[in-house]
*Asks:* 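Below is a structure I'd like to ask you about.
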Amino acid sequence: MKFKSYITLTLLILLGAACKKDFLNVVPKGKQVAVTTQDYNLLMNSSNFYVLNFAGGWQSIVLMGDEVAAEGSMFSNAQVVSQNAFKWEADIFRSTDIDWTARLWLEQLYTLNKVINEVQSSTGGTDAQKAQIRAEAMANRAFINFQFVNLYGKPYVAATAGTDPGFPIITTADITENNFIRNSVQADYDAVISDLNVAIATLPAAHAGGKTRFSKASAEGILGKVYLFMGKNTEALALFNAALNDNASAASPAVLYDYNTEFADGGKFVPMQYNGPNNAPGNDYNDVTESVLARSFYNYAYSGNGFGNDFLVITPQMKSLFGSSDFRLNFYAPQFPYQQENPSGRLSKYSVMYSKFGVQLSELYLLRAEAKARLNDFSGAKADVEMLRKHRMPVADATVPTAAMAGQKPLLQFIFDERLREFAAEGYRWMDMRRLSVDPLFAGTAYMHILYNDDVPNTTNVTTFTLSPARLTLKLSPFIMNSNKQFTNNP
Amino acid sequence: MNFNTLNYGMPKLWLPTKLVLIMKLVIIMMIAGFLQVSASTYAQRVTIVEKHISLKKVIDKIGAQTGYDFLFNADLIKAAKPVSVNLYGASMEVALETVLKNQNLEYTISNNSVVIKAKEPSFLEKVADVFSRMDVRGHVTDEIGRPLSGAYVRTISGSVGYVTGQEGEFFFRRISEKELLVVSFIGFETDTVKPRENRDMIIVLKAKINRINEVAIVSTGYQQLAKNTATGAYSQPDMEIFRNRTGTNDIMSRLDGLIPGLTVTPGGKGGRGNQYSSTVGTQQSVVRGKSSVQLPLDPLYVVNGVQVPDLANINPDDVQDITVLKDAAAAAIWGAKAANGVVVIVTKMGRQNRPVRINYSGYVNFQGKPDLYHPDQLTSAQFIQAARQTFNPSVYPYNQQSFNMIAPHDALLYGIASHPNDGAYIARANASLDSLGRIDNRSQINDLFYRNAYTTNHTVSASGGSSMYNFYSSVSYADTHTSDIGASSKAYRINLNQTITPNKRLTIGLNTSLNNSVSSGLTPVSVSGTFLPYQLFKDPAGNNIPMDYMFGFSPETRANYQARSRINLGYSPLDELNRGNNHNNLLTINATGTVNVKLIKGLSFDGTYSYQKSPGTNNSYRDVTGYAQRRELLNFTVAATPASTPVYYLPTTGGTYIANASEQRNWTVRNQLIYNTNLRNNKDQLSLQAGQDVSENYVNLNTNILRGYNQDLQTYAVLNYAQLASGVFGGIASGRSQLTEKQSSVKNELTRFKSYYALLNYTLDGKYVFSSSYRQDKSNLFGSAQSAQKKPTYSVGGRWLVMKEEFMKNVNWLSDLGLRATYGVTGNSPYIGAATTFDILTPEVNTVTGDALNIGSMANNKLSWESTKTINIGLDFGILKSRLNASIDFYKKNTTDLLGSAELNSLAGTTTATSNIGRLSNKGIEMSLRSTNIQSRDFGWSTSLVFSWNTNKLDSYYVNPSIPTDADNRVTASNVIGYNTSGLFAYRYAGLDNMGDPQIKLADGTVTKEYGVGKVEDLVYMGTTQPPVNGGFSNIFRYKQLSLSVNMIYSLGGVMRRNANNFFTGRLTGSAGSFSTGNINAEFMNRWKNPGDEAFTDIPSYVAGYTDRRNTNYYTYGDINVISASYVKVRDVTLSYSLPPMLLKAIRVQGINVFVQGGNFMVWKANKYDVDPEGMYTSTYSLGANISF
């Protein structure tokens, strides 16, 4: 009997151990995989999308605008990539440098494509929720692709866009994917427009998750800009109108700070500190008061990665664009990063650590003004520009001068100058230089960069660099070319 | 219930014994107090020197020394004649023969007891005897049932003897039923059994555990095998050296030089170890060369059959034996984790039918203080001279140093530069500089920041057993007293191993242990010999010297910040010691149960059930008075001017308390069936084993951060984390400060494995052994796509016992000869989260825009674990009756699917991902040799030599396209295809030019200094940093009660880059906050200074400021700075003394052994720069004792 009971016990143990089929089907906590619709929603809420907090974004093109110059003492110590960008070298990156601009956006594309391709089959959400998350990811993808085509493709010219090489259109999330081709500039624009149209049709006027998430208003704003870059002014105007209307109807719309108030006693931007009005949104990517869509990149001293603006000053011409009562001058001082005084007295933007480059309300007004001006609605354009100006300076000085109202070209010139006053040293200028180069009204402008070799005012010891038209289109970095030998790089 | 029946009582008889016990304890304490300790083994040897002593007393002594019970008629013994004996280390048989000689007595040994009776039977008995004679037949086998041919079976009366035949068979005709059979065989313990008539008696001999002869049993954690019939490559250390090696308590370190093919890596601990809470870990080691590039190389650790993450919880005194599994036949049963080899440890067990033995062992090992004089740095005078020479205020202007350190000598030099016309100032500053040059701070560093390090370990153990129950238990205490002031690290262990055998079908084993390691520390700064050489820390009056410059604010900035924030920004390193503390406490509870049930003939069930739980806490406290805390607070303080009232966003009192609580729970369940049978009329033996192994590891971690914590009241401040995370504007010294820490966090991780395995062993004719294993592992690490895991590991092996062949019968000089050959596949599995077949998401905590998820690791479907195919051919032989035993192994390992980080197409969204990226191969030769040179009564000498040679080659590997294959990148590259994975390249150095710039010689003979000119072929391959040859050489000498063992280790054929001077540009000063920078290599003094110096020196000139006219790496990475890393060291030398029996008798103790040991003495090194390739410049010394009752 005893012997039999041993055998029985043994058999029971062996049988017991053999079952439990689901033993290995556990995903460890803290390391989850995306299953529910909410998982995908949380993926879209990642801060990676709205703040590039150490490198990436428009860092490189900040150094390439013609409104900036370089101070030699800081320039010689700068990173080679930063020097190359400023000098408009053909090859900005050496083969060992990491191209953070492309890298961070490509990482985002992976997540976006994953969400776009998978969210429909997630569990626990309604069809409407899934459609909205997918639309948001598509808008985001369009935003990134629009940046890529404007960095690496030629400025849009309808006649040649179909053959100009652009950037690969990536729609899968698979790290082993290897067969990429450079789509044409036209194909890139088409893909961007198609994604944004889906987004506009699906997204709510404002996202419940706040302005770091895509809304209908922000998708309209981006699409308007895309059309304006293509020279489709009528379509662009309609979208800017829609964007401003949808923004205004939102529960917490983007609004402009009135600098007349904020720089007065008790205002948000005072007291001025040693590093300027440091309560201004430029130091806080979470201050999204003026953003329809908040997207920020790190735009300050070299962080250890990417580019740094340590040596950057604005040109005397740029300085002269400001009226003396313009409060935006408060954001500049003869000071390098880390509160080092610049003995030459030339100005640097010293209180913007993070530049916003999503959809800013101020830009929407200026873009709509431009569209109106191009469509010969001068008074409409004037109203939009003044709408912005009166938030930036005493109302008395905000009026568009009569000379600027003399015709389309002077008015457009004034609007582009206003863009500089609003966004100098933040990368916007490079995008404008590109499209102005193919704008018949402005074609033929020559651009120059000045490197001041002495730390003294009004020095004549300078080195100059001239921008050749080919350089308006950046070369793909070794970071991309190394693994895609089949690509023909830009000249 | 009646508790009165629980009577463990001591009979009155024990009272005097109690006194003796107290005496013994006093002796322990005395010896432990002065000396301190280690262990030695006790063979059952008898040492008695007595004249004219009663037989009773002699027998008592023999009983006490051997542990055998004696049964006799007291009257008979009383009547015996007194004897005089003179025995040294005699076997019990010899001792008994001696004392019973000339007595009318005879003895029989059976089952640990000795029966003594009258020799001459009576007449009646003689008559009865004739009628009770019988025929006896049977077989002699080893413990796993293999026949022992050539064993000697004799009757105890000595009248008949028989040498067993091929099948171990014997036969006796008509012997008395009162006879006993004595069975003996070389390498086995002699046994005495009662004969039985008319049935096949199976006499099982136990392998003898003998230090000089190979230990006969090897354990794989799944099986016990007789070593002389095993097919795989197994190695076991000399356990006596292992036990005596008290320089360290780390088990792997103690194996250094004792196992052919096992290289213990000098330096840090870690590897697979406990990554969550263990404060110790296990020393890294490599078995048979690197078979992986990016995964850890540590072997798998197995204790009592169960895999463990590290060996930190095992007391070396509790280790019974260690087996290292090296080839596939040995290790493949551990499957996907065994490619790096397996270290199998079996802890001590009690033995059946033994009286309770108590043993104490303990030691203290002294390590002293760190060596501040290596590497050789500039003296203070030289430093000041060099600082003057390199000072260049136009290249390094003062106003650009606002965030750099301005050391006292810098301040003086800048002062001189800014007062060019103030002669008095300059003279004063120069005098100050000169006085700095006269200070050497190293003795202050030595006195103020370090204390003498030592470790000590004490173990008291008891073991014993009856026929149904036996146990081993130990209690130990270890104290690791490091050189850091205020640090404490202690371990307490209790261990109990029990075996219960209620009947012959069932055996139950239970191993339980409890480990508690408690450590704590203060927050001293760690000052090294490379810090500024003149900076003292205490003035002559004993006050701490302020060193406010250390953290890189200029005096003006500091004054401004201090005035605005009202926070003191003064700093002195000695003040920091008590401004923080850490406390760690880790408890590990382990219980492993084993069950063995014999089901039907040959078939048995075997179960192993293990559960381990280790809760731990790790708490740290940093007071706000600490400098780092003050600086943090400064960043979170807003005060525009000194007049405004500062607003503090972080608490200004108390401190930051970080409490980590961890818990690990691991369990393993193993069920297996074992079947053994004999085939072909017992000519062949078959053994089959199959089972399932399931395990789970669970880790839970909780972290809480309390700020403004008051240690006395245990209160803390409630912070507005949302506001702090979105940033505080206008913080002094920061502009904007953000606190992104999470106040609490929770993390848990679950790893599961499920494996099936089978083992087969077949022995043909007792001469040919065939073995095979198969295992399949699955885990949840790769998500649920288990189809990716269908990749079994397996092995096949064979052994030919040549000596059993007919034609070897007459070869007498050879005592053993075996040939082995094996082939198989083992795996190497990545750690959790290394790669997945799904996108794994990680949470992001965001108080502003809400929590979110990010992709932590991207899915990779084309992934499998590394697999290693190993071929091993081995030869074992013994000559001159096993006076000399040797094993030689040749192996070749091919590893494919190397896991590593590879750069993928950047457009796909990731730059690098874990992928299967290459192949490598290892080959090598291993040899171990043990010889007994001299063995006599008073003197003995034995030698053992361990040798291994390994080389590996990377056959293919991922090449990063973004790293150019030029000389400048290759010179620092590892893992170059076609070379050893630890290959080292160097420039062909061609001396200096007339500007003091280094030049190299290219492959075409050109000499150049041009930057970036080198191609790959211009470099020279210098060899490998992983030494190809290493091993150990041990000699043990014994003279009477004294024994001396000298254990050397050697490492040959490796190369290394030496630390040459690499200061060629920049400011000569420290970096802010660092107490290990400041000074530079003394060779700087011999650098190129003037044209023409290139004739005398190879050391490039100093040039202020960056220049691209030269590349100083041409010198530092030049071939002249690659030196041989070969060395021979005495790892330890031990002199031990066993107290003579006379003394032991007086104090009624079985044995006392005391020893002194010294460790780590350089014997020879192949470099002239006084570089210790192991980086261990100090020697250690131990004292210890071992006492047995």
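Throughout, protein chains are lettered first and strands after them, A, B, ... in sequence-line order, and every chain is numbered starting at 1.
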*Asks:* For A:D39, which atoms come within 4.5 Å of any heavy atom of chain B: side chain, backbone, both, or neither?
*Replies:* both
*Asks:* So how far is it from B:I855 CD1 to A:K114 NZ, rounded to the nearest 0.5 Å?
*Replies:*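 Spacing of CD1 (B:I855) from NZ (A:K114) equals 5.5 Å.
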*Asks:* Using a 3.5 Å distance criterion without hydrogens, assess whether the side chain of B:S906 forms a donor-acceptor pair with backbone atoms of A:F479.
*Replies:* yes
*Asks:* Among A:N482, A:N178, A:L106, A:N179, whose side-chain contact (heavy atoms from CB on, under 4.5 Å) with B:N905 holds?
*Replies:* A:N178
*Asks:* Under a 3.5 Å threshold, yes or no: a donor from one side chain and an acceptor from the other, between A:S47 and B:E844?
*Replies:* yes
*Asks:* Between A:Y40 and chain B, which part of the residue has a heavy atom less than 4.5 Å away: side chain, backbone, both or neither?
*Replies:*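 When you check distances to chain B, no heavy atom of A:Y40 falls under 4.5 Å.
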*Asks:* Quick check on side chain to side chain donor-acceptor pair (under 3.5 Å): which of B:T849, B:N854, B:D851 does A:S46 satisfy it with?
*Replies:*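 Only match with A:S46 under side chain to side chain donor-acceptor pair (under 3.5 Å): B:N854.
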*Asks:* Please flag which part of A:T212 lies under 4.5 Å from any non-hydrogen atom of chain B: side chain, backbone, both or neither.
*Replies:*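 Looking at A:T212, just its side chain touches chain B.
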*Asks:* Can you tell me how far apart OG1 (A:T176) and CE (B:M858) are? Round to the nearest 0.5 Å.
*Replies:*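 Interatomic distance, A:T176 OG1 to B:M858 CE, rounded to 0.5 Å: 12.5 Å.
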*Asks:* With a 4.5 angstrom heavy-atom cut-off, could you sort out which part of A:I480 is near chain B: side chain, backbone, both or neither?
*Replies:* both
*Asks:* Could you grab the distance from atom CG of B:L907 to atom CZ of A:R182, nearest 0.5 Å is fine?
*Replies:* 10.5 Å
*Asks:* What residues form a side chain to side chain contact (heavy atoms under 4.5 Å, CB included) with B:T507, not counting sequence neighbours?
*Replies:* B:T499, B:T501, B:N596
*Asks:* Go through A:N279, A:V288, A:D287, A:D99 and name the one with the most non-hydrogen pairs under 4.5 angstrom from chain B.
*Replies:* A:N279
*Asks:* What heavy-atom pair brings B:G850 and A:N45 nearest, and what distance separates the two atoms?
*Replies:*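 Smallest heavy-atom distance, with atoms named: O-ND2, 3.3 Å.
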*Asks:* Test of understanding: with side chain to side chain contact (heavy atoms under 4.5 Å, CB included), list the residues that count as partners of A:N305, not counting sequence neighbours.
*Replies:*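 Scan of A:N305 (side chain to side chain contact (heavy atoms under 4.5 Å, CB included), adjacent residues dropped) gives A:F54, A:A55, A:W100, A:S303.
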*Asks:* Just verifying a value: how many Å separate B:L853 CG and A:L43 CG, rounded to the nearest 0.5 Å?
*Replies:*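 If we round to the nearest 0.5 Å, B:L853:CG and A:L43:CG are 5.5 Å apart.
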*Asks:* Under a 4.5 Å heavy-atom cut-off, does chain B meet the side chain of A:F487, its backbone, both or neither?
*Replies:* side chain
